[in-house]
Amino acid sequence: MRQWYLRITDYANRLLEGLNNVEFSDSMKEMQRNWIGKSEGAELDFDIINSEEKIKVYTTRPDTIFGVDFLVLAPEHELVQKITAEEQRSSINEYLHYVKSRSDRERISEVKQITGCFTGAFAINPFNGKQIPIWIAEYVLAGYGTGAIMAVPCGDQRDFSFAKHFHIPITNIIGENFNGNEANPTKEAVLSDADFLSGLKMADAIKVVIEKIEEKGIGRRKTNFKMRDAGFSRQRYWGEPFPVKWENGTAIPLDESQLPLELPHVETYGPGPEGEGPLANIASWTNKKLETSTMPGFAGSSWYFLRYMDPKNNNSFCDKKISDYWGQVDVYIGGTEHAVGHLLYSRMWTKVLYDLGLIGFDEPFKKLVNQGMIQGSSRFAYRVKGTNQFVSFGIKNQYMTDAIHVDVNFVDGIEMDVNAFKNWKPDFANADFILEDGKYICGTEVEKMSKSKFNTVNPDDLVDKYGADTFRMYEMFLGPIEQSKPWDTKGIEGVHRFLRKLWRMFFSDTNGKIWNEEKANDQEFKILHKTIRKIEADTENFSFNTAVSTFMVCVNELSEINCHKKEILDKLIILLAPYAPHIAEELWSQLGNEGSILNATFPAFEEKYLLETDKEYPISINGKMRTTISISLDANHPEVEQIVLSNDVVQKWLEGKTPKKIIFVKGKMINVVI
RNA sequence: GCCCAGGUGGCGGAAUUGGUAGACGCAGCAGACUCAAAAUCUGCCGUUCGCAAGGAUGUGCUGGUUCGAUUCCAGUCCUGGGCACCA
C-alpha cells in the first residue's frame, strides 16, 4: 500500500541547530539530539575483484582504514546476489532464508548472537591494495548509512566478536593499545603499521584521510542521520483527509476553491476492501478518486497553537499580522513522552511555515517545562508462602513470602489497620498476622499511581476535606515542578494550617473581624516587600514550592508582630491570588474592595523598604563559622579588621597570635586566617 | 554499552554569581490551654562528646583547587530517565 511520508529528514540539521535557541531541559534536548542522531564521517568506495560493481561503505572512523579486515553488507543489500561466488551461493541463500524468518523482535532481542555468511567475493582496500573478504551479517542494517560497513576488529567490538567467531585474522594498527582480547575504540591512540598515517594520533588522522579520499576521488565526506522520514498516513476515519485526488497513479492536489475538504458521513468504521481506511467504502468519496488515508494525530497538533491566535479566519490558517503580534508560545508545559513525536513535528512544521514566509519565527516554543509525575507510594503486606499468614516488614526475612499490594487508604503511614485489611477482600477474612511490637508494618515502594497497585489517592476526596486552594498549593509545595515525586497525603495538613493561619490575620475565631485601617510601619513594609520580591522571582522561575514557603514565612512574621493592617494584607492577598485563588478572592471582598481580585494591580516592589545600614556578618576563623558581629555596611576594611580583632570570640581563637590575613567581602562575610 | 539528569536530617525539600548547610513543611518529643477531645500556642529536633558554655563531625565515596566547596575540577559508586547491533 502506498503511504505518505513527511520528509522531516530534510530538516534534520536545522532541528538539531535550533535546539540552541530554545529553553528546553537538557534531557529533552538530548532525547531530540539522539533521535536525530547526527554522525559525521565519510563514504568510501571499495572495488570488487572480478566485478564492475563497487561497494560503498559509510564510516565515522576513516582513520582505521589500514585496519580493515573484511567488509560486511546488510543481508538486504542489493549487491549480495551479484557478487556471491558460485561455491557460496547455497550457503548465502540459506542465510538469507534464516534472516527472513526472523522477526524484528527476535533480531532486537538476540543482539548478542553472532551470525553471518561469507559471500566468496573479495574487495580491494583502495589504499594498500589488500584483498579483503566480503561477508553479509544481520548486525549491519540496510536502512542506515549505505547498508555496508568496513570492519575493523581491533577498534570495534562488534567487528572484533565477528572476526573471532569466524576466525578472520585481525590486523592491529594501534600497537599495544590493542590487547588481542577485546577491541579498543579509542581515538587517542597513535597509529602504527598504517602507511602514511603511522605516527599520527587517530583523532587527527581522520581529517588527513578524508582529504586523501576526496583527492583520490574514491569517496567523500558525509554526514548521516539516524532519523527517518515520518509515516504520515493512517488507515482510519478520524483524521484530516488529504486534499488530494489520484489520476492514473499521480497525486493531484485539490484546487484551493475546493477546500476545505471535509470528512464524509459514514455508517461504519470498518476497513476498506484492501486494507485501506474506512473512506475506501464510501462511493461518493472514491468516485472522486480522493485519497482514502487520513492524516495522523500529530498533523493537527503540529500547528494548533497558530490557529488559536486567529480561530475565526476563513481565508488562511492564521493571518501573519496576528502571528507576528502573538509570536512564539512563551511557555509550553507538557510531559517528556512527546519528546520525539509532537515536539519534533511541530518544530518542523513551524520551520516549513517560516520558510514559506507565512509566519515570522521558526521555533514554535520558546520555553518548555516538563512537569514531573505525581507518583504513588505503594504499601505491601507479606504473605508467608502457602499460608494465609502475613508477616510484618521488619521480620519478613525469616520467612519465604510473597509481597502483596495493600490499599494505601487503610495504612496510616506504614502501620496497617489489620481489621480493615481483613474486611478488604473475602480471601483475607481469616488472615492472621505476625506482628512486630504489636504492629503490622508495611513495606513501601514508589511507583506509578495505578488502581491495580492500590496506591491511588482521589483528589476529589481531598478537595472535599481541605478545599481546592489547599490541594492546589500543596501540589505546588511538594517540590520542584520538573521533578517526579510520590504523593504524601500527610503533608497536606501543613498547607491547610497555613491557610487557616492566614484567615486568622483577618478574622479571629472569637472576636470576628480584626483587620484594621491603621498605617503600616517600616517593619511591616519590609516584610511585605521582601515577600513581593521573592514571589515575583519564584513565580517567574516556576519555583512554586519556594514561593509557597515564602508565603508561610511572611504570614509567620506578620502574625508574630500582630499585624492586621489592610494596607499590608491587601497586597499580600493579591500576591497570593494565583496560588490560592478562592480564599484570596473571598478575603479581597471581605476587606471591602471593589470588583475581583483578578483585576487588582500586582504590587510593585520598592527597594527602599529593604535598605539596611548594618549587617550581621558571619565571622569565620580559618573558614569555619564561629560567631557573628553586626557591623555598619559603610565600614571599610581597616575599620572592620579593628572591630573583628577586638571581638572576644575571635580573641579566644587567636590565642594571642596575629592573624596572617583577614578576608572581608563587603555585605557577605569575614574570614580570619590564622 | 552509550548519553542525560540527580545523590543534602526520620521524610518532602531549601541554600540566586564559591561566603552562616538544613529555610519552609511533615513526622516525632516535651509542655501550655481544656473535664476531655479537637483547634491553637510555646520549646526541642543531623550525628556525637558535654549538666551547660562550647567542641568535634557532617551535603554518596576518594582526591584536588581555594582564605573558604552542597556549589568548581578529576576519578569512582549508586539511583532515575532516554537510546541502543546506527558502523
Side-chain angles (χ1 to χ4, degrees), chain A residues 25-35 37-39 41 57-61 64 72 74 107-108 110-114 137-141 143-152 155-159 161-162 185 224-227 336-337 339-340 370 372 377 413 444 446 474 477-480 482-498 500-501 504 509 534 537-538 541 543 545-554 556 559 616-628 649 652 659-665 667-674:
Chain A
S25 69
D26 289 341
S27 58
M28 175 62 71
K29 286 186 178 185
E30 202 53 33
M31 273 188 242
Q32 295 206 347
R33 283 195 193 104
N34 276 340
W35 185 260
K38 181 176 184 170
S39 79
V57 305
Y58 173 71
T59 179
T60 56
R61 296 297 301 276
T64 60
V72 187
R107 276 179 80 159
I108 289 166
E110 295 166 17
V111 156
K112 295 283 177 285
Q113 196 179 321
I114 298 164
E138 58 179 339
Y139 83 89
V140 174
L141 306 176
Y144 182 75
T146 59
I149 62 155
M150 57 181 227
V152 183
D156 182 287
Q157 190 55 39
R158 291 157 308 175
D159 298 346
S161 307
F162 194 86
N224 266 333
F225 296 94
K226 281 189 218 170
M227 187 166 66
T336 45
E337 70 273 15
V340 295
N370 307 120
S377 185
T444 65
V446 173
Y474 181 53
F477 189 55
L478 274 175
E482 302 213 339
Q483 209 164 293
S484 288
K485 53 240 152 186
W487 179 261
D488 173 17
T489 298
K490 281 206 157 178
I492 201 169
E493 290 285 350
V495 174
H496 192 59
R497 278 179 207 141
F498 156 74
R500 297 167 67 107
K501 190 167 185 177
R504 289 199 305 273
D509 292 342
K534 184 91 167 93
D538 284 352
N541 292 327
S543 181
N545 57 327
T546 54
V548 173
S549 97
T550 301
F551 282 122
M552 290 173 169
V553 171
C554 177
N556 287 348
S559 303
E616 185 88 359
Y617 278 98
I619 311 296
S620 296
I621 313 285
N622 286 338
K624 283 204 173 123
M625 216 285 278
R626 296 299 178 185
T627 187
T628 58
V649 177
K652 194 192 96 188
K660 284 195 192 117
K661 210 197 288 187
I662 293 180
I663 289 162
F664 169 56
V665 183
K668 282 268 163 82
M669 48 66 66
I670 294 157
N671 188 16
V672 181
V673 185
I674 302 172

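Not measured: the values here are computed from a predicted model.
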According to a strict under-4.0 Å criterion, is [X] in side-chain N/O contact with OP1 or OP2 of [N]?
{"X": "A:Asn556", "N": "B:G25", "answer": "yes"}
{"X": "A:Lys652", "N": "B:G55", "answer": "yes"}
{"X": "A:Tyr144", "N": "B:A87", "answer": "yes"}

Classify the nucleic acid contact of A:Arg33 as base, sugar-phosphate or nothing, counting any heavy atom under 4.0 Å across all strands shown. nothing
Give A:Lys29 one of three labels, base, sugar-phosphate or nothing, depending on what nucleic acid heavy atoms sit under 4.0 Å from its own. nothing
All ring-ring contact (aromatic ring centres under 6.0 Å, His included) counterparts of A:Trp35, not counting sequence neighbours: none
Would you please say whether a donor-acceptor pair under 3.5 Å links the side chains of [X] and [Y]?
{"X": "A:Asp538", "Y": "A:Thr546", "value": "yes"}
{"X": "A:Asn671", "Y": "A:Lys661", "value": "no"}
{"X": "A:Asp159", "Y": "A:Tyr139", "value": "yes"}

Spacing of the C1' atoms in B:G22 and B:G12 (rounded, Å): 13 Å
Say you pick atom P in B:C26 and the same atom in B:C35; how far apart are they, in whole Å? 27 Å
Nucleotide nearest A:Arg504 (side chain, heavy atoms from C-beta), chosen from B:C41, B:A21, B:G19: B:C41
Between A:Met31 (CE) and B:G82 (C1'), how many Å, whole number? 5 Å
Atom NZ of A:Lys485 and atom P of B:G7 are separated, to the nearest Å, by 14 Å
